[in-house]
Structures are given as structure tokens and as C-alpha cells.
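The block underneath contains the structure these notes are about, expressed in C-alpha cells.
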Amino acid sequence: MRTRRVLTTGGLVLLCLLARADGMPPGVWTPDQRDGSYVNPVLAGDYSDPDVVRVGDDYYLTASSFTNVPGLPILHSRDLVNWTLIGHALARNVPEAHHATPRRGGGVWAPSIRHHGGRFVIYYPDPDFGIFMVSAADARGPWTPPVLVDATPGAIDPAPFWDDDGQGWLVFAYAASRAGFNNRIALRRLNAGGTHTEGETRVIVNADELPKARTSRGALPWFTTEGPKLYKRGGWYYVFAPSGSVKGGWQGVFRSSHIDGPYEARNVMDEGDSGINGPHQGAWVDTPSGQDWFLHFQDGDSYGRRVLLQPMRWTADGWPIIGEPKPGQTWGEPVARHRKPDLPTQPVAVPVVDDDFANGPHLGWQWSANPMDDWLDASVHGRLRLKSISSSANLWEAGQLLTQKLPGESFSATTRLSLAPRAVGERAGLLVMGYDYGWIGLENTADGLRLVQVTRLKADLGQHQPPLQQSSETVLTAPLQVDGPVHVRVSLSPVVVPTLPPRELHYGPAMLRSVNAQVRFSYSLDGVHFTPLGPGFTALPGRWVGTQIGLFAQAPAGTPAHTATRVGWAEFEFFRVTP
């Protein structure tokens with residue numbers, strides 16, 4: 001179902017009285033302040049569930065990728081502040097047929113990366129199939145095809161550990177949606193090659209049975225305890241695992257003199273008075289000079305799960321404190337700004353954003369499902385040519401969306417688009433995607449090409465806000481004739497909106513607000529003067545991911561078989577982000 005309105009030259013105006021968020025300066029976010037300090041986040045993009053390993057003088061980070069392909073991004077840094085995307089460890093999600101369509105919220109959950117036996121290894125879970133492992137001699141690849149290591153129902157967030165005697169272990173948590181329970185940390189042996197678990201599963205932490213945690217909000221029960229990482233220091237085994245929910249929780253650490261417990265528990269970092277909510281799930285790393293640091297994510301709502309860097313120190317009694325220590329307490333608070341790690345100065349760098357498509361799309365682009373070979377015409381250089389793939393009109397269900405992470409909070413993204421259709425209904429555009437989505441671009445109608453702005457609210461059919469409901473598009477058509485390429489632009493800025501209290505009885509201020517992205521659309525025929533089109537909309541995050549921005553081309557579902565082989569294509573000449 002579609003609602004279509006033709007705009008007059010004056011257009012439509014929507015006045016939204018929404019509080020602006022205090023956040024990043026406009027444009028692509030750069031954490032390095034060039035004065036020996038950095039400002040969090042060190043990665044503004046949605047690199048959820050980060051894990052990091054140091055190999056010599058180099059640091060390598062991977063993160064969850066869910067339904068996006070290629071998956072398991074690999075980022076490199078030498079100072080923990082300036083990060084460069086150097087590749088992906090997973091070319092396609094497996095099982096391949098299952099992931100030929102977007103499994104939003106499924107796919108690759110929290111991974112871990114280690115360097116063992118001269119090779120990089122990544123263990124990652126697909127909560128519907130089990131825990132997989134890939135490996136490579138070089139972090140840039142090639143990476144081996146995924147091997148199923150453990151098929152425990154609902155096992156998530158795996159992390160390997162090799163003890164002093166060479167025995168490998170795998171620690172993991174459980175997803176209540178698949179296992180029927182959560183709040184437990186389990187341990188299994190690995191075989192000699194690390195390719196399979198063996199022996200019994202031991203629950204080493206049952207957080208339901210723990211004494212309440214001491215936090216800045218008082219004594220709180222441990223709940224949603226997940227994301228474990230197992231380390232050893234000074235003869236003690238440490239499990240770093242967050243608790244208390246993703247957005248409003250704290251970073252926990254569990255310690256034992258024996259790998260299988262019993263473990264004692266402590267909160268080592270929470271929000272406190274910092275205003276940085278939900279320090280959650282990350283990695284402890286050190287520097288060659290002996291400094292300790294912790295990288296973790298913060299749930300930024302529409303802006304995704306951004307990566308922050310925190311100083312870390314060890315107390316005389318053998319416990320870590322992360323962030324700025326609180327006097328008289330056993331925990332710290334996240335820092336917003338801090339001096340950089342004691343590491344050699346590096347050139348300022350951020351993951352690539354702009355693209356001229358000189359040699360196809362850059363590494364920052366990902367599909368929404370395992371791609372078919374003909375989705376992109378790789379023979380075309382200097383521009384991006386996408387085939388009009390037949391799929392559901394609801395883009396939530398379309399796999400051929402080519403998207404990337406938001407590079408900051410306030411910015412504009414622009415492309416120059418042309419459409420060469422062969423069937424009525426073909427369309428292409430510049431997209432902002434989440435539970436709701438909107439795009440601006442071209443559509444081939446019975447009356448010829450039209451410039452349109454399309455919005456669909458509750459594109460996920462209300463799954464994140466039950467009950468299930470129908471979803472429809474609103475299509476606004478610009479009052480002009482299109483006979484060539486057009487420039488289209490989306491502009492995003494943060495807005496703070498109130499949210500209802502969560503079901504949990506124990507929540508902090510962060511749970512009562514969300515930072516969403518206000519989106520506006522505009523177009524230009526000359527690339528200089530832009531005209532607004534439509535009232536815009538407030539973008540929400542997606543399933544476990546932040547809002548994404550991207551490009552697509554589409555033919556309507558149900559395109560007759562005798563014409564399906566003759567659909568057209570769209571070309572995008574560049575993708576450019578400006579403040």
C-alpha cells in the first residue's frame with residue numbers, strides 16, 4: 001500500500017519541537033585532537049561488540065556485523081585512537097542459503113579476535129546455528145572459510161583462551177531468545193586445533209546467584225551478564241563481562257584462582273556522573289611500555305554502538321579499575337577526553353567514508369544479505385552501477401541495499417544519480433535505513449522518470465514495538481520533469497527524544513531518553529542549489545544496529561518472468577559526506 005502526494009513548488013513544512021543533542025561537531029568525526037589527547041568515541045561508526053588484540057606494535061579490532069556482508073570488519077591501529085578499516089574476515093554469512101535474504105538481528109553476533117600459533121583467529125556466533133571460527137596468517141586475509149566449532153543452542157559471545165599448559169578453552173554466554181535462559185557464563189575445552197569444543201560444558205558464572213553488585217546507583221542484581229573475555233594475570237583467571245543491560249549497565253569482572261571457579265565478582269566501571277551511558281562489552285589490551293587500556297562500546301541509539309577508549313589500572317589487591325577512578329570506590333567512570341596512550345604518534349585516520357568508485361565500492365560498504373554476482377556491475381569503473389534487483393517493495397526485506405555506518409552525528413551525504421530503467425516501477429536512490437526508512441531518488445512511472453522522496457514507518461512491521469502491524473510507504477513527487485542525472489542529498493542531525501521506562505526495575509537516566517537522527521531530503525539539478533523535498537523523518541536504529549546510510553536499485557517484486565531478465569540499472573557517480 002502506498003500513499004502518494006504531489007508537492008507544489010512551495011513544498012510541505014513540518015515543524016518539530018525536538019531538543020537538539022549535545023554531541024559531536026558536524027562532519028566526519030575525528031577523535032585525535034592533535035595535541036596529545038583524544039576525545040571519545042575513537043570510532044564513531046557502529047562497530048558493535050568490539051574485540052581487540054595486540055600483535056607486536058599493531059592493534060587489530062573486529063566487531064559484530066549481523067546481517068551485513070562482508071562481515072567481521074578488521075580495523076588496524078598503532079595508537080588505539082586512529083583506526084583504519086583494512087578488510088573483512090567473512091566474505092559471506094553461513095549457511096549461505098539462509099543468509100541470501102536479510103536476517104535482521106541475526107547473523108554475526110559478538111566476536112573475539114586472538115593471535116595464536118602464528119595465526120589470527122576469530123571466533124564468532126550465529127545464535128541460530130552455533131559458534132564458528134575463521135583464521136588467517138595476515139589480518140588483511142585471506143581468511144579461511146568458517147568452521148563450526150560448537151553447536152550449543154543459543155551460545156553467543158565466544159572468546160578463546162590458551163592456558164600456560166597450552167590447553168585451549170572457549171568461554172561463552174547464552175541468548176535467552178534461543179537458549180531459553182541467559183545471565184550465565186560457560187566454559188568448554190577446545191581441541192588441539194581450536195576447531196571444535198569437547199568435553200562437558202561448565203557454567204562458571206551463574207549471575208542469578210551472585211550477591212548484588214556495588215554500583216554508583218546502589219546495590220543492583222546482576223542481569224544480562226554476557227560478552228565474556230577470559231584472561232590470566234598473576235596466577236588469577238579474569239572474566240571481563242558486562243551486566244545490567246546494554247544501554248544502562250556496567251562493566252563487570254569475575255576473578256578466580258581456578259579456571260572453572262568459583263569466581264568472585266566486582267563492578268569495575270559504570271556511568272556514574274559521566275553522562276556516558278552503558279559502558280559495555282569490550283577488550284583489555286596493553287602497550288609495549290606496560291600501560292593498560294580498555295575498548296568498549298556505548299549504545300548511541302540511532303548512531304549505533306560506538307567504540308570508546310578508557311584508561312585502565314590494576315589495584316594493589318589485584319583488581320582492575322577502568323576509566324577515571326572514583327575516590328573510595330572499586331570502580332571508575334568513563335572518560336570523555338584523555339591523553340593518548342604511550343605509543344608512537346600516528347597520522348590522523350578514520351575509517352573511509354567518501355567514495356568516487358574508481359575501483360568499485362570501498363571497504364566501508366556492506367550488503368544487507370549475501371549478494372548475487374549481478375547486483376553490482378564490476379566492469380564499470382569511476383561510478384557505481386547497481387542492477388534493479390526484483391525484491392519486496394519494503395526495503396527492510398531487500399538484500400541488495402549497499403550501506404555503510406554513520407560517520408558522525410550531524411552531516412550531509414550527497415550523490416549524483418541516474419536511472420536507466422526497462423520496466424515501470426524500477427527505482428533507485430540514497431537511503432537512510434533503520435526500523436523506519438526514507439530515501440530520495442528516481443522512480444520510473446507510467447508517465448516517465450520522476451524524482452521522489454519515499455518514507456516507510458515501521459518497516460519491520462512493528463516487531464520492535466508489538467503488536468505486528470501493516471506498513472505502507474508515503475511517496476512525495478517533486479514538481480519537475482527529470483531527463484538526466486540529479487543530485488540527491490540527505491542531511492542528518494541528532495535529536496533527543498524521551499522514552500518510556502524499561503521493564504527492568506533497575507535503570508539509569510540513559511534509559512529514559514534516546515538520541516535519534518532527524519533526516520531531511522533535498523535535490524539539485526546543478527549540484528549547487530538544493531531544494532528540500534518532503535518533511536523528512538526521525539530515523540530509528542535497526543535490529544541491534546544503528547541507522548545506516550546507503551544506495552540501492554530495485555525492480556518491483558512480482559516483475560513478470562519474461563521481463564525479469566531485462567531490468568535496468570542505476571548509476572551513482574560519487575558518495576560524499578560534508579558538514
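Quantities reported herein were computed from a predicted structural model and do not represent experimental measurements. Heads up: numbering here begins at 1 and tracks the sequence.
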Only counting residues at least two apart or in another chain, list the ones meeting ring pair (Phe, Tyr, Trp, His ring centres under 6.0 Å) with F181.
Y174
Tell me whether the rings of H487 and F574 are parallel (<30°), tilted (30 to 60°) or perpendicular (>60°).
tilted
With no hydrogens and no angle check, just 3.5 Å: does a side-chain donor-acceptor pair link T538 and Q518?
yes
Inspect the contact between E573 and R383 and indicate whether a charged nitrogen and a carboxylate oxygen are less than 4.0 angstrom apart.
no
Heavy-atom distance under 4.5 Å between the side chains of P146 and Y124, does that happen here?
yes
So is R489 actually on top of F530's ring, under 6.0 Å and inside 45° of the axis?
yes
Listed once per pair and sorted, the salt bridge (charged side-chain N to carboxylate O under 4.0 Å, His left out) pairs that draw on residues 96-107, sequence neighbours left out
R92-E96
Are the charged groups of D374 and K387 less than 4.0 angstrom apart, N to O?
yes
Does the distance from a Lys or Arg side-chain N to an Asp or Glu carboxylate O, for R450 and E443, drop under 4.0 Å?
no
Could you check whether R178 pairs with D128 (Lys NZ or Arg NE/NH1/NH2 to Asp/Glu carboxylate O, under 4.0 Å)?
yes
Please round to the nearest 0.5 Å and tell me the distance separating atom OG1 of T547 and atom CG of N516.
7.5 Å
Taking NZ, NE, NH1 and NH2 as the nitrogens, is one of them in R306 or E409 under 4.0 Å from a carboxylate oxygen of the other?
yes
Would you say that H99 contacts D126 through its side chain, given a criterion of any heavy-atom pair below 4.5 Å between the two side chains?
yes
In sequence, state the C-alpha distance, the side-chain angles, and the governing distance for F172 and Y123, and then conclude on side-chain contact (heavy atoms from CB on, under 4.5 Å).
CA-CA 10 Å; F172 55 90; Y123 288 77; over 6 Å; no
Could you tell me whether K405 sits above the aromatic face of Y47, with NZ or CZ closer than 6.0 angstrom to the six-membered ring centre and within 45 degrees of the axis?
yes
According to the interplanar angle, ranging from 0 to 90°, do the rings of Y60 and H76 count as parallel (below 30°), tilted (30 to 60°) or perpendicular (above 60°)?
tilted
